[in-house]
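Remarks on the structure that follows.
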Amino acid sequence: MIHLVKHGAASAAVAQSELQQQSRRWYSVSHLSVQERIDRKRNAALIGGGQKRIDAQHKRGKLTARERVELLLDKDSFVECDMFVEHRCSDFGMEEDHNKFAGDSVVTGQGRINGRLVYVFSQIMDQAMMVGAPVIGLNDSGGARIQEGVESLAGYADIFLRNVMASGVVPQISLIMGPCAGGAVYSPALTDFTFMVKDTSYLFITGPDVVKSVTNEDVTQEELGGAKTHTAVSGVAHRAFENDIDALLNLRNFFNFLPLSNQDPAPVTECHDPSDRLVPGLDTIVPFETTKAYDMLDIIQGITDEREFFEIMPNYAKNIVVGFARMNGRTVGIVGNQPKVASGCLDINSSVKGARFVRFCDAFNIPILTFVDVPGFLPGTSQEYGGIIRHGAKLLFAFAEATVPKITIITRKAYGGAYDVMSSKHLRGDVNYAWPSAEVAVMGAKGAVQIIFRGKSNQAEQEAEYVEKFANPFPAAVRGFVDDIIVPSTTRKRICRDLEVLASKKQTNPWKKHANIPL
Amino acid sequence: MITSTLRRVLLVAKHASFQSRCCVASSRVQYSTVYDSNEKTFDKILIANRGEIACRVMKTCKKMGIKTVAVHSDVDASAVHVKMADEAVCVGPAPTNKSYLNMDAIMDAIRKTGSQAVHPGYGFLSENKEFAKRLAAEDVVFIGPDTHAIHAMGDKIESKLLAKAANVNVIPGFDGVVENVEDAVKIAGDIGYPVMIKASAGGGGKGMRIAWNDDETREGFRLSSQEAASSFGDDRLLIEKFVDNPRHIEIQVLADKHGNALWLNERECSIQRRNQKVVEEAPSTFLDPETRRAMGEQAVQLAKAVHYSSAGTVEFLVDSNKNFYFLEMNTRLQVEHPITECITGLDLVQQMIRVAKGFPLLHKQEDIPINGWAIESRVYAEDPYKSFGLPSIGRLSQYQEPINLPKVRVDSGIQEGSDISIYYDPMISKLVTYGATRAEALQRMEAALDNYVIRGVTHNIPLLREIITHPRFISGDITTNFLPEEYPEGFKGHQLTSEGRRELVATAAALYVSNWCWNIECSNEMTLWPPWQVEVDGVTVEVSGEWNLASALLPVTINRTPRVLQCLSRDAGGDITLQYLGTQFKVRVLSQLVSTLSAHMPEKVPEDTSSILRSPMPGSVVAVSVKPGDVVAEGQEICVIEAMKMQNSLIAAKAAKVKSVHCKAGETVGEGDLLVQLE
């Protein structure tokens, strides 16, 4: 790639296809030696289902599997395996030669992203686990080959089992680039992150036709299982991208944040952003009125290296913000309550979103920064009936069991049980800071006074006293529940220093087969 | 091994940025606050203003050893002027009429803090004679002229009469009604061509004609009276001198309470939009010493005639033949006062304070120099692509003033993290550069604008930079119509030349490559050293730069020319937004492979916006003229949004039926909020 850019072709309008060079076709073979057969098969595999199918895929605004792999991986780094596999189905005409393709319907192999090893697709997961390298699946399939019958179901289960075995060993990422229906959806669901391509990818158990016949609902593919549905409503997918290219290039970028395996430390890159940089804007970001909102992303982008933040699930449960960033070059996971949405309260969806993210970070040695401005758990029947107790406990569980470095900054409200949950000192937070605007209390002044002084007349006065006593960081600080009250503009500096100290943190939980998180 | 060399290069780059960060301004543009400790003025001054001007006044107070009191609204509690002051008093909620214009609260603050004097800044209560009176009643000194002068100059008609009486040139005109055509020709002849014939009841350009000779006067009289009759039902006409190609040039005056008055030279303020100044300079390229002296002397005559004391400004219109005519007098410190301070070396705020205490002026007219050239750009939080500037709001997520450059002065009252709200003037700062010559000052302004980092709000730096590099502006051939004349279709940003395009593309490509180098862990191809030879459209461009991807500024050398670009955003997909020559450009950098495959990507159809009306700016809804089910014609008013004292009528983009209305009068809306949906 460098080569190309160096010669100046990097502008918006460029380029000749190097694909063309690679898809040289060698058809004029009369009698085949083994070597020739190998070559022929290999090249046939390179063009997959044939030029016709390639064109058809392009017409749909999609790339072929091989083009995708080429885009995702560093130039010439892809080493393919199982290229010669063909389906062995001999029913319904599948046995005819024009329906058989070398490489069958998956392209698998290994390659590098910015020089770091990665396995692409699923059959090679055993090897990925063995050498400790992430697995990326690029899904674009219509589901099981019905013609293959039970054999294809077995195939799925094989993959599911491998997904489960690899879970927590190597990072697994699914990129849905086309329809993914039926049993096939469970592979992405088992991986750590699921990304989708807008308008061309779908995930559902059963398509609109079956839905219509079973429930009589009229629904389009897009409404049922499109990128918007899964990134904003169901929470099945973690992010969506504009098209195949955008998705693959972003995936490369995302990959830079991840360690190769649970045995590896999170990657450290050269950092150009001074670790002691002050962020003056943070001193005024929390509004004086405690009821006024501000954007937690402003704080996060203010402190991270180069203002970069790769947000996970930006459109789902927006009252909590989670994502990856770097601090002085080290990957960190960031969790923050978002005061802009529902006052940043914790509800069922945000608890589950936060919990899964925290567990990923813990599994892969990524330190966790937590920014707290939480008025509590969302009350109400819909939440209680939905099991907020059970789901809220997930977040509590995740923070409590995590043994990676945990740094917590209370920017404003830290009320009630939600205070405990948000990586508090009591849940083994390593460093817990409060900004001067922090209020650590059982609840807000108004509610508290209404309960403590029920029926009394001088509530305004009592409220003022409560504010004086509790609406500040001191009660928590004198008890050692926060380690320091820091000037907001120094937050980046403090965190970078602490992360350096905590880099050698070693903490283990008691031996167990596995914990029993309240699922 | 290659990797380690690369690392070393990176460290050098990192180090270089540190140096510039630590660089302390060596030669700021200054004015001298020569403080005589025997000359006792006040112990404590309250500044009845906010933002940059409050900070400006406080700076001088601190130098003079005077304690300062800030007043502020509740939303301004952590504003820069509040932090800068020794004491601060909250005078009410955000709306100005409840805080900064709230005389009762400000009087209370004065009493509570024991302030001996009040500096009103500009705007708000600075020209309010009622306020000056109330201060006088409580023996608090108003740092400005006395009530009489404020009153006399505040009235448009009275000020003209006074000016006429003081032998100041006023726009010649016939004050009575013109009887008939021949009467009109006679009057026009008396006034001297060109003349303007306008309807007595007129307004909005209707019934107005310009005549350059007798024939045109006859024709103009006939047409104007018809138009006036049909438009206003009143065909009476007036005739006055038409000022062709007018310039707005003003004279700074400074007077004491002992009958002394000085003129501190002129300021050229012709670059305006909607009667608001955008770029000012001192001196003017247009005035010769005689005209300057004549204008200065008339300004002083007027000041003396009204027994003016303190700093004030006499505004003139100047025509292409250097005839000048009195417009009005501003009885306060003017926004653009810094450029006068630059060329004269005087601290105007200090002089105002001294004069208010009753000290006589220290200078004689012959002591007032014109040293060098100063230019001021008003940096606003506004979108210059919408009628040369519609207000925008937001939080300054990143903010860095170019004060490490020599001879640059930035007067501001905000800092990183400040909010630009809908309640107040959207000015971010006044950027002033100074040089021995105009060319030098302009060159510094170019550099200062390129090095000015403003993120989080839309700003007018694209427009400012285009103005100061416009050949016509550089030649000095400007009038108050400069902007509409030069950009009749509205401002569209910098128009790239083919060379500029190459520079931009080459820089983006180089940035992409260096980012790529940083990302990669190891590779055999790591032989990329700047300078990069980038071939664009068959031409090779050489780009080098030891940049730091974390820095907002991107200093590069393109074909041996140093330039400062800014990288506003970069994403994994290769989209890079660069600020180049003031304007933001989006560049997409693709590898050959991506570029080839991009051809297969579907084009996304953007949302059809003709049936959706969104608020073009943050503000409050004044009126909604439609309701669901109404049928509107194309161009029909749908609602009115007020932002920063401006009312903006929003119209239908097509004829349609109103589907839904999402706002109501009195509501506050943000930029991009859905207001009305059509079918």
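In this text the structure is predicted, and so the values were computed from the model without any measurement. Both backbone and side-chain heavy atoms feed into the values below; hydrogens, waters and symmetry mates do not. Labels below follow one simple rule: chain letters A, B, ... track the order of the sequence lines, proteins then strands, and each chain is numbered from 1.
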Practice task
Against chain A, label B/E603 side chain, backbone, both or neither, depending on which of its atoms sit under 4.5 Å from a heavy atom there.
Solution key: neither
Problem - Candidate pair B/R395 and A/I285, rule side-chain contact (heavy atoms from CB on, under 4.5 Å), full reasoning - result: CA-CA 9 Å; B/R395 180 174 177 275; A/I285 194 163; 3.5 Å; yes
Practice task
Tell me, out of A/E242, A/K59, A/R60, who's got the most heavy-atom pairs with chain B below 4.5 Å.
Solution key: A/E242
Practice task
State the CG-CG distance between B/D571 and A/L249, to the nearest 0.5 angstrom.
Solution key: 9.0 Å
Completion exercise
Here the pair of heavy atoms bringing A/I245 nearest to B/L597 is CD1-C, 3.7 Å
Completion exercise
Bottom line for B/K586: the part with an atom under 4.5 Å from chain A's heavy atoms is neither
Exercise for the section: Could you tell me which portion of A/N250 (side chain, backbone, both or neither) has an atom closer than 4.5 angstrom to a non-hydrogen atom of chain B? Expected result: both
Problem - A/Q301 versus chain B, the contacting section by heavy-atom distance below 4.5 Å - result: neither
Exercise for the section: Select one option (side chain, backbone, both, neither) describing which atoms of A/D244 are under 4.5 Å from chain B's heavy atoms. Expected result: both
Exercise for the section: Please state whether the side chain, the backbone, both or neither of B/S598 comes within less than 4.5 Å of a heavy atom of chain A. Expected result: both
Exercise for the section: Could you tell me which of A/I113, A/D305, A/T200, A/D298 has the largest number of non-hydrogen atom pairs under 4.5 Å with chain B? Expected result: A/D298
Completion exercise
Output for pair (B/D76 CG, A/F288 CZ), nearest 0.5 Å, gives 11.0 Å
Problem - Trace of the side-chain contact (heavy atoms from CB on, under 4.5 Å) decision for A/R307 with B/Q398 - result: CA-CA 10 Å; A/R307 306 180 61 79; B/Q398 265 182 298; 3.4 Å; yes
Handout entry: Heavy atoms of other groups near A/K62 NZ, more than 12 under 6.0 Å
Key = yes
Exercise for the section: Determine whether A/K198 and B/K604 make a side-chain contact, defined as any pair of heavy atoms from C-beta on separated by less than 4.5 Å. Expected result: yes
Completion exercise
For B/E416 and A/P280, the nearest pair of non-hydrogen atoms, with its separation, is OE2-CD, 3.9 Å
Handout entry: CA sep, side-chain torsions, deciding dist, call: B/R570, A/E306, side-chain contact (heavy atoms from CB on, under 4.5 Å)
Key = CA-CA 11 Å; B/R570 260 182 308 128; A/E306 294 173 31; 3.2 Å; yes
Problem - Heavy-atom pairs under 4.5 Å with chain B, option from A/N256, A/N253, A/D283, A/L63 with the top count - result: A/L63
Exercise for the section: State, yes or no, whether a side-chain contact exists between B/K83 and A/T284 at a heavy-atom distance under 4.5 Å. Expected result: yes
